[in-house]
Amino acid sequence: MHKNRQHTWPALAIGLVWALAGSAVAQQLDPAAEAAVHLLRRSTQASRSSDQITMLQALHQLRDPALTPLFDRLAKSPHLRLKIHGVLALAEVAQPPLLDLTRVMEIDNTAALAELVGAALDKDLLNDDQAVQMLNWSELETGVKVILASHLIKKGLAVDQAILRKALEAQVLGQRALGMLLLLQTDDAATIDQLTDILDTDDAKRDQVRAMLLGTVIEYGFERAAPWAEQVRAEPGVDPNLALGALRAGLRFANPAAVAAWRKQYDAAPGLAHKTRLGIIALQSAPWLEPSLFDPLIAEPDETGLLSQIGRAGAAIAGNSGITDAVIALIQLNHPVTSEWALNYARREATDDDAQAILLGLILAFDGPDQHRVQRFARSIAAAQNLYERNPDAAAGTIRAVLTDPQTSAELARAVLFGLIQTDGPNPHAALTGLPPFADRDSNVLALILLAKHGQPISERQKQELALLVRGGGGLQDALRVQAAWAYLKQTHQEQTALAKVLAP
């Protein structure tokens, strides 16, 4: 366990800041630094504002150990939202990045603890040994234990069956059902009938729980539940959306009954909209299906070409041939649902080479028709971020080529720069090496923030521009403004003084 080491570094950092605080607070801060102090204080005060949450997320996206005293203040807050952010942020700046379980033990609210554990697992801030250790905490609530158990079982690791059987005694239907699903996946003695019996209830949340279980089956690859998913799909009077979720779960494991049901439904589909929904469900499961399933889609004569291109992309993935061309052709149709699917496919299932080409295709797809422009802008940001995180060395050159292409619009350039600002990849500012200034001010502002937040040398004129942004000039959103504020403080060597002032009683 790394608990002691994690706890020691924050303590040393906090002690250093407070040791310096007596002299620091006596120093004068310039007006921009005072504005930065105001922004940092806003981020640490309890508020229901969504802006505060985005500011907090922006601060721990910096992953700067110098912010440890601020994160420690948050972690000690009586307000659960602030506490969760503080504990996660401390984990992100720890070496190695891991949760401090002593801080986790201090959270006595089940919902908050479940949120913290879920976020830590998503961010790889909780390792397997820690997850096992937490499972053995006698006081840990069942809801949190099944989250941890699900994660371990997904990775093929053993979990004490007694913990899962204990979950069957929970008062909450979702916890009982998830415990049974985990037993079904890991215990040969467990049966689908037992899961069905638990769900044979008049609980108002029954369908909501079944939808959650189907999502878990798909996401975690729990193949032993495929026959149960087929039962749900074939149930008389089942909610249509739940039936589609069950059908997708069956296709995820190429269950013959689900494949046959999909073919029958597609042949009987009353119109383009329903065929498109069925096509997307098949596309989501394409890595596990036979290419021939997509033949009816490819043969569709619809004027938009959407169904036939869904079919070509699905068949390419199922047959592991021509994937890049087929998926990029689908992206170029600018259908929001299939484009979002392409982003998720590149993130999760695509090979490195295919992912890089698909992500670049998503970036370039921004410069298209006005319809769905906001969604495409967001996808271009996410694609640029993921492109860089997947392979920083290759991505730097690719992104530089996009930014210097005369055909690239100023708005697309800004989306790419936003992606670089948000990325967790190393040295994203390298993508700007050798580039001349941009033609528009907004792109230059984003480039300046990217350089400054990564400690790159900037000119005195650029420092003045950064100061203006911190003080509210330029109309930056609060998340970017607080990152600009911290970058300004560090560029002007005022961070210790400012931080001491933020933390002063």
Side-chain angles (χ1 to χ4, degrees), residues 10-93 103 106-107 112 116 421-422 445 448-449 452-453 455 463-505:
L12 289 173
I14 294 160
L16 177 60
V17 167
W18 284 109
L20 295 169
S23 58
V25 293
Q27 298 173 11
Q28 282 292 105
L29 293 172
D30 67 38
E34 289 287 359
V37 168
H38 174 72
L39 284 168
L40 291 171
R41 278 181 177 156
R42 274 181 56 200
S43 71
T44 61
Q45 294 168 350
S47 169
R48 294 185 178 181
S49 168
S50 60
D51 290 341
Q52 186 200 34
I53 301 303
T54 59
M55 289 171 70
L56 285 172
Q57 290 169 338
L59 280 175
H60 50 94
Q61 193 266 334
L62 294 170
R63 287 172 173 75
D64 188 345
L67 280 164
T68 295
L70 180 68
F71 298 150
D72 181 76
R73 166 71 63 84
L74 294 172
K76 292 176 179 176
S77 172
H79 298 279
L80 290 173
R81 179 69 58 185
L82 297 181
K83 182 182 286 289
I84 290 170
H85 275 281
V87 174
L88 285 172
L90 286 174
E92 287 169 332
V93 300
R103 293 184 183 274
E106 295 169 358
I107 299 175
L116 173 64
I421 287 172
Q422 292 182 181
V445 163
L448 173 59
I449 292 173
K453 73 177 280 192
K463 288 179 184 177
Q464 293 172 9
E465 174 74 7
L466 197 59
L468 178 64
L469 296 172
V470 175
R471 297 179 70 181
L476 288 181
Q477 293 179 340
D478 283 341
L480 267 181
R481 191 175 162 211
V482 77
Q483 288 197 348
W486 185 247
Y488 176 79
L489 291 172
K490 296 200 76 172
Q491 287 281 344
T492 57
H493 308 292
Q494 298 181 88
E495 72 273 18
Q496 289 184 357
T497 304
L499 198 54
K501 193 164 185 177
V502 171
L503 298 173

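As a basis for the values below, the full set of heavy atoms in this structure was taken, side chains included, without hydrogen atoms, waters or symmetry mates. In this chain, numbering begins with 1 at the start of the sequence shown. Predicted, not measured: the structure shown is a model, and the values here were computed from it.
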Novice: Heavy atoms only: give me the nearest L59-L67 pair and the separation to one decimal.
Specialist: O-CD1, 4.0 Å
Novice: Can you measure from CD (Q57) to NE2 (H60) and round to the nearest 0.5 angstrom?
Specialist: 6.0 Å
Novice: Measure the CG-CD distance between L62 and E92 for me, rounded to the nearest 0.5 Å.
Specialist: 10.0 Å
Novice: Nearest heavy-atom pair of L476 and V445: which atoms, and what distance?
Specialist: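 Result for this residue pair: CD2-CG1, 4.1 Å.
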Novice: Quick one: closest heavy-atom pair of L40 and S43, and the distance?
Specialist: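 Between these two residues, the closest heavy atoms are O-OG, 2.6 Å.
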Novice: Could you tell me the separation between the CG atom of L469 and the CG atom of L480, rounded to the nearest 0.5 Å?
Specialist: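 If we round to the nearest 0.5 Å, L469:CG and L480:CG are 9.5 Å apart.
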Novice: Q483 vs Q61, test: side chain to side chain donor-acceptor pair (under 3.5 Å). Steps then yes/no.
Specialist: CA-CA 9 Å; Q483 288 197 348; Q61 193 266 334; 2.8 Å; yes
Novice: Hey, what do you get for CG (L74) to CG (L82), rounding to the nearest 0.5 Å?
Specialist: 5.5 Å
Novice: For side chain to side chain donor-acceptor pair (under 3.5 Å), just list the numbers for K463 and Q491, CA-CA rounded to whole Å, side-chain angles, deciding distance to a tenth of an Å, and then say yes or no.
Specialist: CA-CA 8 Å; K463 288 179 184 177; Q491 287 281 344; 4.9 Å; no
Novice: Does a side-chain heavy-atom distance below 4.5 Å link K83 with I107?
Specialist: yes
Novice: Please report the closest heavy-atom contact between L466 and A487, naming both atoms and the distance.
Specialist: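 Answer, listing the atom of L466 first, then A487: CD2-C, 4.2 Å.
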Novice: Quick one: does F71's side chain get under 4.5 Å of V87's, heavy atoms only?
Specialist: no
Novice: Any salt bridge between E34 and K501, counting N to O under 4.0 Å?
Specialist: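 Yes, E34 and K501 are salt-bridged.
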Novice: Run the salt-bridge test on R471 and D30 with the 4.0 Å N-O cut-off and return the result as yes or no.
Specialist: no
Novice: To the nearest 0.5 Å, how far apart are NE2 in H79 and CD in Q45?
Specialist: 10.0 Å
Novice: Using only atom types and a distance under 3.5 Å, with no angle test, would you say the side chain of E495 pairs donor to acceptor with the backbone of W486?
Specialist: no
Novice: How far does CD of E465 sit from OH of Y488, to the nearest 0.5 angstrom?
Specialist: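 Between atom CD of E465 and atom OH of Y488 there are 12.5 Å.
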Novice: Taking R73 for the side chain and L503 for the main chain, is one N or O donor matched with an acceptor at less than 3.5 Å?
Specialist: yes
Novice: Looking only at non-hydrogen atoms, find the nearest pair between A112 and I84 and report the distance.
Specialist: O-CD1, 3.6 Å
Novice: Give the C-alpha distance, both sets of side-chain angles, the deciding distance and a yes or no for side chain to side chain contact (heavy atoms under 4.5 Å, CB included) between V482 and R42.
Specialist: CA-CA 10 Å; V482 77; R42 274 181 56 200; over 6 Å; no
Novice: What closest approach, in Å, do K490 and D64 show between heavy atoms, and which atom pair accounts for it?
Specialist: NZ-OD2, 2.8 Å
